[in-house]
Amino acid sequence: MSIALIIEQLLNGLQLGVMLFLIAAGLTLIFGVMGLINLAHGSLYMIGAFACAAVAAATGSFWLGLAASLAAAAAAGALMEMAIIRRLYERDHLDQVLATFALILILSEGTRWMFGSFPLYLDIPPLLQGAVPLPGGGQYQLYRLAIIGVGIVVAVGLYLLISRTRLGMRIRAGESDREMIAALGVDIRTLYTVVFALGAALAGLAGALVGALQSVQVGMGEPALILAFVVIVIGGIGSIKGALVGAILVGVVDTMGRFLLPKLLALTMPASQANLVGAALASMLIYILMALILALRPRGLFAGQA
Amino acid sequence: MKRILTASLLALSMTAAGAALADPVKIGVITTLSGGGAGLGVDTRDALVLAFRKSGNTDVELVIEDDAQKPELAVQIAEKMIQSDKVDLMTGIIWSNLAMAVVPNTVAQDVIYLSPNAGPSALAGANCNKNYFNVAYQNDNFHEAMGQYANQDYKKTFILAPNYPAGKDSLTGFKRYYKGELAGELYTQVGQTDYAAEIAQIRAAGADSVFFFLPGGMGIAFMKQYAQSGVGLPVLGPGFSFSQDVLPAVGDAALGVKNSASWSKDLDNEANKEFVEAFQAEYGRLPSIYAAQSWDTANLILSALAKADVKDKDAFRAALKAADFKSVRGEFTFNTNQHPIQNIYVREVVKEGDVLTNKIIATAFEKHGDAYVEQCKM
């Protein structure tokens, strides 16, 4: 096991974490500000991937596809908020779960109706193909480095948006006392639509970026959504900082667990069996991590003050 | 004419429509038409519907339902088909876990089930049944073929599959015939979409080739990420990840990959030519393995219907078992456990014009049965 392999695996963990952050940020923002559990967040991720694949196929440009994914997911998010989600803020979480679960089914079958049952093709743009050398003799894929870069830019951007801008001030205010900011004359309906569209756009961006690595197909959103929920539970609901830390923690722990556990077990049992047991344990690892963190900090690492 | 056909197709899924005909043969089709795995079910349904329509047999009524790839839903649909629709035969299930949920109960109620795809080892061995026919393969078959083929060129293969029964069967099947050394053996998570960690290990393992079984979206993700990683070792796999339904999504990353299947579009026989032409003309796309197996299932049923009355179970089973139909796979007979004895081919992914497809380059097994036949007391 060389240093290069370990560095490569750490980068892989970081990249997975950054990807999860893009999905979880919107989810936690929407929950923090509006108190809404949105199961259909994964569908917005899927919409981003499909929009990117369709536009990239039609125009031959991944970058136009990327822009389309942001626009499509934001538009779908805003539309969803105005048509349906808006009616759910005052209802309890069970109603929200039910209604947004219905949205998953509608959006999935709607996407199938538009694009068919077979996965779509989306590839990495030529500009980002290839690998860069790593210290210690390894190499790392340029596209994954770019994803890490995008994640850092988004994290910094969100931080500045929330701490330095008027919109951010309203988001923070809406998080702590929505009646008061409504009384102060802030148009809370528009604010909610904007926040929802922003969260949707981030999910769409994640979908487009991941779509080039994976398969663009109906149902791709749900596994990602489950991981995103783990991330926000670990990070603390409503906290962007928590989402970032939680996402990177989940990404690194998951990747390193899958990599190291079978090797560790192989020291004490036959290799073939160690592979099976190690793989089973590795798939539980992030849930064990979540349970441990909840036992120590029941509201997550960076729980909001609400 | 086209409209009448369309209308009758619509009617196929509705029980009431059959009343006008004199007691038609009812075939219950449970397959996956929604959710992530729908591509396979759609191909299965489309080929089945087309084969019956082409045959001109107006006595057959298809009752088609979507299982959404959920075992509990499949069980409910099966019960409904048996109890209230009173189907004579059942077919359609794609996934092994759904087949395990539905088939034992179905055949126990003396309804004949013909599997167009799933071939779990339990149903081939100890739990085989006179009412269960597998028209596709036994699950291990394709993997066994790649193990056999790998012996020619490779001595140190790295193998990986998801950590669930079909994944374990796959690696077992591969190892059953592979004589070289394993550079590494890995089980991934079911539904995993990121293989960066696994690919890094393949790079470090000093392997001379990679064999993987990752069905559906998992395989697409693996192939795309593998191609980008620059590892560049030759890739071997069962035909599933390189079937016509997923090749467009994998793209050029699949070019040159060797994969195993019992069927290929370029198999040289009359039935196959007719099938590929008819499917392409009707649906505007090339058929997949699933479509081929489904087409064979339909033609097997038609051949048995021509010989025996479906109500006379013994005669009908015997007619099915004779497998007196023109298979698109060429030679096809049933083993004593009512699973296929057939050739398994090695195919290579090639580009024809700008369409990715498969071309046969070798025959891994001739008249190959399965490893479980001895355990079947029938």
Side-chain angles (χ1 to χ4, degrees), chain A residues 1-2 4-6 8-9 11-13 15-16 19 53 105 108-109 112 116-124 128-131 138-144 210 212-220 222-224 251 254-259 262-263 271-272 275-280 282-283, chain B residues 32-43 68-69 160-163 167-168 171 175 182 184-201 203-204 216-225 227-230 244-253 285 288 356:
Chain A
M1 213 179 349
S2 63
L5 180 60
I6 292 176
E8 187 177 353
Q9 295 292 31
L11 280 173
N12 283 334
Q15 183 262 315
L16 177 61
M19 213 62 249
L105 300 179
S108 286
E109 293 317 303
R112 180 189 316 290
S117 296
F118 301 97
L120 296 193
Y121 174 73
L122 176 63
D123 204 6
I124 296 170
L128 294 177
Q129 286 186 1
Q139 49 176 329
Y140 199 69
Q141 203 184 328
L142 188 58
Y143 185 71
R144 289 184 190 266
V210 167
L213 285 173
Q214 303 174 358
S215 65
V216 177
Q217 63 176 358
V218 173
M220 65 186 284
E222 283 69 62
D254 186 56
T255 305
M256 294 315 270
R258 280 194 275 143
F259 167 46
K263 291 194 178 357
S272 192
N275 287 333
L276 266 176
V277 179
S283 65
Chain B
T32 305
L33 301 173
S34 65
L40 320 186
V42 167
D43 258 17
Q69 209 178 332
L160 69 159
N163 192 11
K168 287 174 209 166
L171 297 193
K175 288 190 279 188
L182 293 179
E185 182 177 355
L186 265 189
Y187 287 97
T188 63
Q189 291 174 38
V190 178
Q192 186 172 321
T193 48
D194 199 309
Y195 294 92
E198 286 74 15
I199 291 168
Q201 294 186 62
R203 192 203 306 277
M218 293 186 264
I220 300 173
F222 178 83
M223 271 319 292
K224 291 176 77 168
Q225 293 166 26
Q228 276 296 320
S229 72
Q244 206 61 52
D245 50 316
V246 291
L247 275 180
V250 182
D252 288 350
R285 61 176 194 269
S288 63
L356 285 167

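All figures in this text were calculated on a predicted structure; none of them were measured in a lab. Computed over heavy atoms, backbone and side chain alike; hydrogens, waters and symmetry mates excluded. A note on names: the letters A, B, ... follow the listed sequences, proteins ahead of strands, and every chain is numbered from 1.
Counting heavy-atom pairs under 4.5 Å between each of A:Leu105, A:Leu142, A:Leu122 and chain B puts A:Leu122 at the top. Looking only at heavy-atom pairs under 4.5 Å with chain B, the residue among A:Thr255, A:Leu11, A:Val218, A:Leu213 that has the most is A:Leu213.
For B:Val250, the part lying under 4.5 angstrom from a heavy atom of chain A is the backbone only. In this structure, chain B has a heavy atom under 4.5 Å from the side chain of A:Ile124, while its backbone stays farther away. Contact of B:Asn163 with chain A is made through the side chain alone, with heavy-atom distances under 4.5 Å. Contact of B:Leu182 with chain A is not made at all, since no heavy-atom distance falls under 4.5 Å. When heavy atoms are compared at a cutoff of 4.5 Å, A:Gln139 approaches chain B by way of both its backbone and its side chain. Using a 4.5 Å cut-off between heavy atoms, B:Gln189 contacts chain A through its side chain alone, with no backbone atom that close. Proximity to chain B is limited to the backbone of A:Ala212, based on heavy atoms less than 4.5 angstrom apart. Proximity to chain B (any heavy atom under 4.5 Å) is shown, for A:Ser108, by neither the backbone nor the side chain.
Residues meeting the side-chain hydrogen bond (donor to acceptor under 3.5 Å, both in side chains) test with B:Ser34, sequence neighbours left out: B:Asp66. Partners of A:Asp254 by salt bridge (Lys or Arg N to Asp or Glu O under 4.0 Å), not counting sequence neighbours, listed by chain and number: A:Arg258.
Here the side chain of A:Glu8 pairs no donor or acceptor atom with the backbone of B:Ala200 at under 3.5 angstrom.
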